[in-house]
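Scroll down for the structure; my scribbles are underneath it.
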Protein chains: 2
Amino acid sequence: MTDFAATRRAFHLPQGITYLDGNSLGPMPIAARDRVARMMTEEWSEMLIGGWNRAGWYVQPRKVGDRIARLIGAGPGQVVMGDTLTIKVFQAVSAALRLRPGRRVILSDSGNFPSDLYVAEGLARAVGAELRVVAPDEVEAAIAPDLAVLMLTEVDYRTGRRHDMAALTARAHDAGALTVWDLAHSAGAVDVDLTGADADFAVGCTYKYLNGGPGAPAFIWTHPRHADAAQPVLQGWMGHDAPFAFDMDYRPASGVERMRVGTPPVIALTALDAALDVWDGVALPDLRARSVDLTEAFIAGVEAECPDLVLNSPRDPGKRGSQVGFRHPQGYAIMQALIAEGVVGDFRAPDVLRFGFAPLYNHADDVARAVGTLARILHKGTWKNDMFHRKAAVT
Amino acid sequence: MTDFAATRRAFHLPQGITYLDGNSLGPMPIAARDRVARMMTEEWSEMLIGGWNRAGWYVQPRKVGDRIARLIGAGPGQVVMGDTLTIKVFQAVSAALRLRPGRRVILSDSGNFPSDLYVAEGLARAVGAELRVVAPDEVEAAIAPDLAVLMLTEVDYRTGRRHDMAALTARAHDAGALTVWDLAHSAGAVDVDLTGADADFAVGCTYKYLNGGPGAPAFIWTHPRHADAAQPVLQGWMGHDAPFAFDMDYRPASGVERMRVGTPPVIALTALDAALDVWDGVALPDLRARSVDLTEAFIAGVEAECPDLVLNSPRDPGKRGSQVGFRHPQGYAIMQALIAEGVVGDFRAPDVLRFGFAPLYNHADDVARAVGTLARILHKGTWKNDMFHRKAAVT
């Protein structure tokens, strides 16, 4: 059994805060700060340029990738780190498009991150493809024989709805298309199984449930059947077969390494590597069971004590990730009042209060406190105070 | 007058090492480690998601960009940070291409970084453009009326040859083309003046002469005349006019902010921000004068004491950046022997010993020691020892 009391102790959580916003930014694993300081003192300071070999900076994107692979149902050597999620979406979708010559349609849904849609639209315009966006429950019906790439985010960032990755991948394959899965709200939150679902490409960020720190590097996975066939559009030197030969011609590295682009962000990867230590003893079925327990208890508690809030997430835990949304016309002010009382979730326009449950550090007491505080705020009308209605520049 | 004794004291330089490889990776500014630790303790740990507003993480890419702007002859609000240099090259060249509809030729030279050529070639193939590569001294003659984009690295990473940015930009403009300048070996090394040269786009990395740490974020500059017209191909949410509105449609931010892509790398930007403190009292004419003094003294010393080495850099300092190359058929082994004696330069195939002089921390004693050690190794034939002929996996 996974020891979730131990994983919770691995984090710094501010005094008095119940943190239910790990789906925006995970808290700091205590080991991360010292690991980064040590890397800076012992590696950068002392080894200088020699750190690329001696400290293993050069192979870090693959070594850290291997640690994430276990959490998403992928094998060793199949995941590589770097850049941001937006860049990785661009790489995966452009590579998938090239593997389906003659087809030009990218299909996605309105539950996807706007950023994924933006970057796919930018790519489509540049290469003469077409982005089609449908409602999440219309995706299956929209998979047509002209489809090149099905690009979806597994868990909806607002509703927590979880797509059936295996079923939709099978449908896409039946139509001759490839799939790109964004795991931003899945990796570290649910029991992702890319291999079992027979997916083609996957990407994700590491600053949410993987707790790598603000702006931590992204990951990309390529199914082994595509790894040596995928032709990158972003041809960077670190994805070259022999980066230090400084050949004039680009020759992609074998496997997923060709999805590396520029010089890897060593300091950030070091923080992330420390954050991944926390996962070492965690079994994915335990993670999933705990996530379901937490979200079920929260939904039951809020529905019992806060009748004005309307559930904005699937009721069936099998169709839900590790987050829960509730709607209220005054959602923004209510969330501000909640944060002022030390319960941190977040708000998504127009009216959604969003709560992320991170099994590594959230426990039953967090659920009880969040429900109790929310009920009190609604009962007393605390949120009507003017100060809770002022919007910050960035939320 | 710039106090270069003070700037030197701002760095951690390992005991006994003369470091002449700052053009690969700058040493650690002492303040960087504590700044990062403080950011992790006081901001990430305590503010959690609130750090985006309260600690200014969201505006950090522009604030750090403003600090770099001064070092490259750009104005405030014209430079933004993020990603890697390879990604920024892709963004700049693709944006420039779009500003020249009907033209499809990208011109570069064989003195450019292979990575810049790889990424331009990948872009060209994706969008139906053409990359032409000529020898560095044939660039001017190759600027033809069909040219869309002239993409050059100002200072050659092997020879240190410095292009005449103003003259080549004027020639490109006469032909109706735009320019993209890679400043990887210029920023922090020479007196770059983008505004004076009337350039169109510029990009650079920050882990060389700007000392931001291994894999530190890159920068991009757009001339104000293009900033609101440049249409990004990499349409990321951070380049959106209202990233937190989560609109379904992409609407680029005004100015260079549209060249932001994904979530900014806060830990890495914090290290870089600390590294930029060292530049606060540095005047670019002083930097340039000191760089010329160091490289002139090194060339004179080596030519006097090491007759077997052949200069591989322009003799005229006006045509040279802040690095010097010498050729020798046994260059690799000689560099290994030199490193073993504590003088760290690097080797570039097939036969170039490369020495970078960073005015912020290199001084006359470094030149004297490097010359003396090199002369001794050549005189005694120390480099013939077998151990200096084994090649590391990564150099």
Tell me, for [X] versus chain A, whether the close heavy atoms (under 4.5 Å) come from the side chain, the backbone, both or neither.
X: Ala32(B); result: both
X: Tyr207(B); result: side chain
X: Met238(B); result: neither
X: Val344(B); result: side chain
X: Val127(B); result: both
X: Pro27(B); result: both

So which heavy atom on [X] is nearest to which on [Y], and how close?
X: Met248(B); Y: Ser110(A); answer: CE-CA, 3.5 Å
X: His12(A); Y: Ser45(B); answer: CD2-CB, 3.4 Å
X: Gln235(A); Y: Glu121(B); answer: NE2-OE1, 2.9 Å
X: Ala271(A); Y: Met40(B); answer: CB-CE, 4.5 Å
X: Gly122(A); Y: Arg98(B); answer: O-NH2, 4.2 Å

Is any side-chain heavy atom of [Y] closer than 4.5 Å to one of [X]?
X: Leu234(B); Y: Thr86(A); value: no
X: Ile87(A); Y: Val261(B); value: yes
X: Leu48(B); Y: Asp21(A); value: no

>> For chain A, which candidate among Tyr157(B), Phe11(B), Tyr19(B) shows the most heavy-atom pairs at distances under 4.5 Å?
In response: Tyr19(B)

> Under a 4.5 Å heavy-atom cutoff, which of Ile267(B), Asp249(B), Asp346(B) has the most pairs with chain A?
Replying inline: Asp249(B)

From [atom1] ([X]) to [atom2] ([Y]), nearest 0.5 Å:
X: Met39(A); Y: Met28(B); atom1: CE; atom2: CE; value: 9.0 Å
X: Ile17(A); Y: Met47(B); atom1: CD1; atom2: CE; value: 12.5 Å
X: Gln15(B); Y: Glu46(A); atom1: CD; atom2: CD; value: 8.5 Å

> Between Gly50(A), Ala268(A), Gly22(A), Ala126(A), which residue shows the highest count of heavy-atom pairs closer than 4.5 Å to chain B?
Replying inline: Ala126(A)

> Pick from Pro265(A), Ser94(A), Gly128(A): which one has the most heavy-atom pairs with chain B under 4.5 Å?
Replying inline: Pro265(A)

>> Walk me through whether Asp247(A) and Tyr118(B) qualify under side-chain contact (heavy atoms from CB on, under 4.5 Å).
In response: CA-CA 10 Å; Asp247(A) 290 340; Tyr118(B) 302 159; 4.0 Å; yes

> Mind checking which of residues 208-218 of chain B sit less than 4.5 Å from chain A, heavy atom to heavy atom?
Replying inline: Asn211(B), Gly212(B), Gly213(B), Pro214(B), Gly215(B)

>> With a 3.5 Å distance limit and no angle check, can you tell me whether Trp44(A) reaches the backbone of Gly26(B) through a side-chain donor-acceptor pair?
In response: yes

> Which answer fits Val233(A), side chain, backbone, both or neither, if we ask what part of it has an atom under 4.5 Å from a heavy atom of chain B?
Replying inline: both

> Among all residues two or more places apart in sequence or in another chain, which pass the ring pair (Phe, Tyr, Trp, His ring centres under 6.0 Å) test with Phe90(B)?
Replying inline: Phe90(A)

> Under the side-chain contact (heavy atoms from CB on, under 4.5 Å) criterion, do Ile49(B) and Leu25(A) qualify, and how do the steps go?
Replying inline: CA-CA 6 Å; Ile49(B) 188 69; Leu25(A) 176 68; 3.9 Å; yes

